[in-house]
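Worksheet for the structure shown next.
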Amino acid sequence: MSHLNVVAALPLIIVAAAGVLAMGTGLFDSQRVRRYAPTGVAVAGIVAAFVAIVVLWGDREEAFGGSLRTDRFSLLLSAIFLAAALLVIALGWHESAAVDRRGEFAGLIMVAVAGMMLVASAGDLITLFLGIETLSMSLYVLCALEVWRERSLESGLKYLITGAVGSAVLLYGLALLFGATGALDFATIGQQLELTGLTADPLVIAAMALIVVGLAFKASAAPFHMWTPDVYEGAPTTVTAFMSTATKAAALAAFLRIFQGVLPELAADWQAAIAAIAVASIVIGNIAALVQTNMKRLLAYSSVAHAGYLLIGVAAGGIRGAEAVAYYLIAYLAMTMTAFAVVIIREREVENGEQLEALAGYGRARPVLGIAMTLAMLSLAGFPPLAGFVGKFLLFGSAVEAGMTWLALVGAAGSVVSLGYYLRVLGVLWLGGREDAQPARMLAVPGPVLAATATAALSIILLALLATPLIDISRGAAEALLAP
Amino acid sequence: MSGVPLVFYLGVSAAMFLLGLLGVMTRRNPLLLLLAVELMLNGANIALVGFSRHWDTTDGQIFALVVMVVAAAEVVIGLGLVVAVFRQRLQLNVDDLARLRG
């Protein structure tokens with residue numbers, strides 16, 4: 001217990017080192033080094049970390065005296081973060097922010113991933129808080145990376161203020177939890193709550209409420225989502241894509257780690273609170289998305305709604321709930337990344353390319369991208385047999401099994417409402433614009449961007465076809481999470 | 001345990017946290033917002049240190065030290081962003097001044 005066991009922390013160390021190195025190579029005099037080295041270092045780091053994850057895959061190991069838990073859950077989540085980082089770095093190939101500041105872009109993405117891995121593998125409260133802050137702070141800077149654009153700066157500043165408030169609320173909750181139990185590590189806190197029957201203690205209840213609110217800020221769940229549309233719209237689109245996939249996965253990992261891993265004794269209380277937040281997110285996200293004309297804002301509200309669907313799995317609890325969340329996070333990564341990829345490609349071709357009307361007739365002119373977007377929208381809406389459907393089926397199924405059928409019904413109703421805006425995008429994409437005219441100004445898509453888009457789009461189908469092995473892996477992760 | 005009872009620590013800590021929250025909700029100047037957030041974080045720090053004494057362990061104090069580092073980093077990024085925004089606005093103002101030149 002008291003030894004370092006650095007090997008178990010290897011994926012984290014590799015990613016953090018690659019981040020620092022990538023940022024450093026971005027400072028070289030030679031333009032050639034500046035252009036290729038950061039991306040190369042980051043990609044090499046991601047590949048090495050993937051290898052380390054595969055090698056370490058197995059039973060729980062503890063590093064740094066128990067502060068870091070490397071188990072199937074943390075490794076699976078780490079793989080999700082790394083996949084998101086790889087896709088985003090590929091998509092950022094020709095983005096202006098990424099070209100001028102490749103070192104910072106690649107470096108900060110890697111540091112953010114290191115923070116997320118810290119969250120997913122946290123073994124005590126300090127590690128959890130440190131991980132959340134590491135990822136948040138990298139994202140504040142990434143949002144403001146296009147310093148010549150006032151919208152980008154505003155987005156960074158707005159995210160910083162709301163993010164810091166969320167962190168402070170979370171920290172106060174963690175402090176109260178420490179006060180109630182006298183311990184910082186998850187294992188002792190769990191034992192204390194189990195032995196002493198502190199579950200009705202006002203201190204513990206207050207701690208739980210504050211932690212729910214703080215993490216809801218990070219997961220952009222309603223009613224703590226106010227910052228989401230503005231920040232998502234202002235930030236560079238590659239960063240938005242990273243935020244809406246990887247950051248959400250990290251916040252959900254924190255939810256699962258704390259509530260299912262540490263506070264199962266209090267399940268009755270937090271289940272009600274999280275279910276309420278899930279319902280609010282589904283209702284507000286889906287209804288607000290209906291009236292958006294900007295693709296980035298539309299996807300922002302869609303991500304609020306999806307935070308709600310994911311929280312259904314957390315509220316349902318147990319192995320089934322955690323397994324459903326893990327699978328849906330993978331599916332959500334593929335479909336959201338595909339949607340953002342098409343927006344990114346269009347945005348570089350025309351001014352105001354993030355507006356919905358910029359996509360008018362785009363599907364007819366570029367069938368490959370049109371089909372990718374179609375897959376993403378149908379999967380987000382939950383059409384069978386795509387990955388989104390399998391994920392929603394698991395999530396709602398876990399709620400029914402936990403005796404929360406009403407929650408599953410809210411989720412299903414939300415999915416029906418969501419058809420209103422997902423299908424509107426498809427209508428504009430295939431039927432919009434004049435029949436005979438081409439959409440304005442189309443440029444060749446650089447190789448890495450096209451490869452990332454195609455990979456993400458194909459994954460939407462593959463994840464559904466390979467659902468059985470993937471659900472097995474997710475179940476292994478859920479079991480590792482719930483193991484004492 | 002002798003000295004100041006835990007309740008007083010918690011009272012000060014809760015008051016600071018709530019004042020910070022109030023500040024975030026009412027102020028509109030980014031610098032004051034950053035200050036208010038600092039107040040919230042330090043409120044939590046006092047609670048951590050108070051509980052640390054109550055349980056007679058140093059764990060809470062270590063946490064508080066980590067939080068201080070985090071808070072400092074947050075302020076650095078916040079000030080950096082404020083300066084960047086200010087520079088953008090300043091450029092506009094300089095243009096305005098050029099127009100007034102006799």
Side-chain angles (χ1 to χ4, degrees), chain A residues 67 108 124-134 136-185 188 192 203 206-207 210 214, chain B residues 6 9-10 13-14 16-18 20-21 23-25 27 30 32-34 36-52 54-60 62-67 69-71 73-89 91-92:
Chain A
S67 311
L108 285 168
D124 63 23
L125 299 179
I126 298 185
T127 314
L128 184 84
F129 182 71
L130 213 51
I132 285 185
E133 286 301 284
T134 310
S136 303
M137 277 186 217
S138 320
L139 286 173
Y140 303 151
V141 183
L142 277 171
C143 282
L145 206 58
E146 296 184 343
V147 280
W148 56 90
R149 216 160 43 86
E150 206 169 331
R151 297 273 286 283
S152 175
L153 288 175
E154 187 191 316
S155 137
L157 201 56
K158 236 177 205 166
Y159 191 30
L160 174 88
I161 301 290
T162 43
V165 173
S167 300
V169 173
L170 172 70
L171 176 68
Y172 209 80
L174 298 181
L176 293 185
L177 192 60
F178 166 65
T181 57
L184 286 176
D185 65 299
T188 320
Q192 283 279 333
L203 215 51
L210 288 170
Chain B
L6 179 64
Y9 285 105
L10 292 188
S13 132
M16 272 175 79
F17 185 80
L18 290 177
L21 196 61
V24 170
M25 289 194 288
R27 297 290 176 168
L32 290 175
L33 285 173
L34 282 174
V37 170
E38 285 304 289
L39 211 55
M40 290 174 78
L41 287 174
N42 283 320
N45 264 352
I46 291 184
L48 278 171
V49 174
F51 283 129
S52 195
H54 174 72
W55 289 99
D56 203 18
T57 136
T58 50
D59 285 359
I62 295 169
F63 201 164
L65 278 175
V66 171
V67 173
V69 176
V70 165
E74 215 155 49
V75 169
V76 168
I77 295 177
L79 290 181
L81 288 178
V82 171
V83 169
V85 172
F86 186 67
R87 268 196 195 150
Q88 280 248 337
R89 293 265 161 88
Q91 280 168 3
L92 293 177

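Below, read A as the first sequence line, B as the second, and so on, with proteins coming before strands; counting in each chain starts at 1.
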Using non-hydrogen atoms and a 4.5 Å limit, figure out which bit of A:Leu125 sits close to chain B: side chain, backbone, both or neither. both
By a 4.5 Å heavy-atom criterion (distance strictly below it), what part of A:Leu177 contacts chain B: side chain, backbone, both, or neither? neither
Name the region of B:Ala14, side chain, backbone, both or neither, that has any atom closer than 4.5 Å to a heavy atom of chain A. both
Nearest heavy-atom approach of B:Val37 to A:Ala164 is CG1-CB, 3.4 Å
What distance do B:Ile62 atom CD1 and A:Asp124 atom CG have between them, rounded to the nearest 0.5 Å? 10.0 Å
B:Gly43, B:Ala36, B:Ala44: which one forms the most heavy-atom pairs within less than 4.5 Å of chain A? B:Ala44
Shortest non-hydrogen contact from B:Leu48 to A:Phe178? O-CE2, 3.7 Å
For A:Ile161 and B:Pro30, work out which heavy atoms get closest and say how close. CD1-O, 4.5 Å
So which atom in B:Val70 and which in A:Met137 form the shortest heavy-atom distance, rounded to 0.1 Å? O-CE, 3.3 Å
I'd like to know whether A:Leu171 forms a side chain to side chain contact (heavy atoms under 4.5 Å, CB included) with B:Met40, so could you lay out the CA-CA distance, the side-chain angles of the two residues, the decisive distance to 0.1 Å, and finally the verdict. CA-CA 9 Å; A:Leu171 176 68; B:Met40 290 174 78; over 6 Å; no
Could you tell me the separation between the CZ atom of B:Phe51 and the CG atom of A:Leu184, rounded to the nearest 0.5 Å? 12.0 Å
Counting only heavy atoms closer than 4.5 Å, note whether A:Leu130 contacts chain B via side chain, backbone, both or neither. side chain
Could you walk me through whether B:Leu81 and A:Tyr159 satisfy the side chain to side chain contact (heavy atoms under 4.5 Å, CB included) test, starting with their C-alpha distance in whole Å, then the side-chain angles of each, then the deciding distance to 0.1 Å, before giving a yes or no? CA-CA 11 Å; B:Leu81 288 178; A:Tyr159 191 30; over 6 Å; no
Specify which of A:Gly156, A:Gly163, A:Ala175 makes the most heavy-atom pairs with chain B at under 4.5 Å. A:Ala175
From the options B:Val75, B:Leu33, B:Ile77, select the one residue that forms a side chain to side chain contact (heavy atoms under 4.5 Å, CB included) with A:Leu160. B:Ile77
Which pair of non-hydrogen atoms, one from B:Leu10 and one from A:Tyr172, has the smallest distance, and what is that distance? O-OH, 4.3 Å
Given 3.5 Å as the limit, does a donor-acceptor pair link the side chain of B:Gln88 with the main chain of A:Trp148, or not? yes
Please classify the contact between B:Val85 and chain A as side chain, backbone, both or neither, with a heavy-atom cut-off of under 4.5 Å. both
In terms of heavy-atom pairs under 4.5 Å with chain A, the winner among B:Ala84, B:Ser13, B:Gly80 is B:Ser13
Of the listed B:Gly60, B:Gly20, B:Ala71, the one with the largest count of heavy-atom pairs under 4.5 Å with chain A is B:Gly60
Here the pair of heavy atoms bringing B:Phe17 nearest to A:Ala168 is CE1-O, 3.6 Å
Using modelled atom types and a 3.5 Å cut-off, is there a donor and acceptor pairing between side-chain atoms of B:Trp55 and backbone atoms of A:Ala183? no
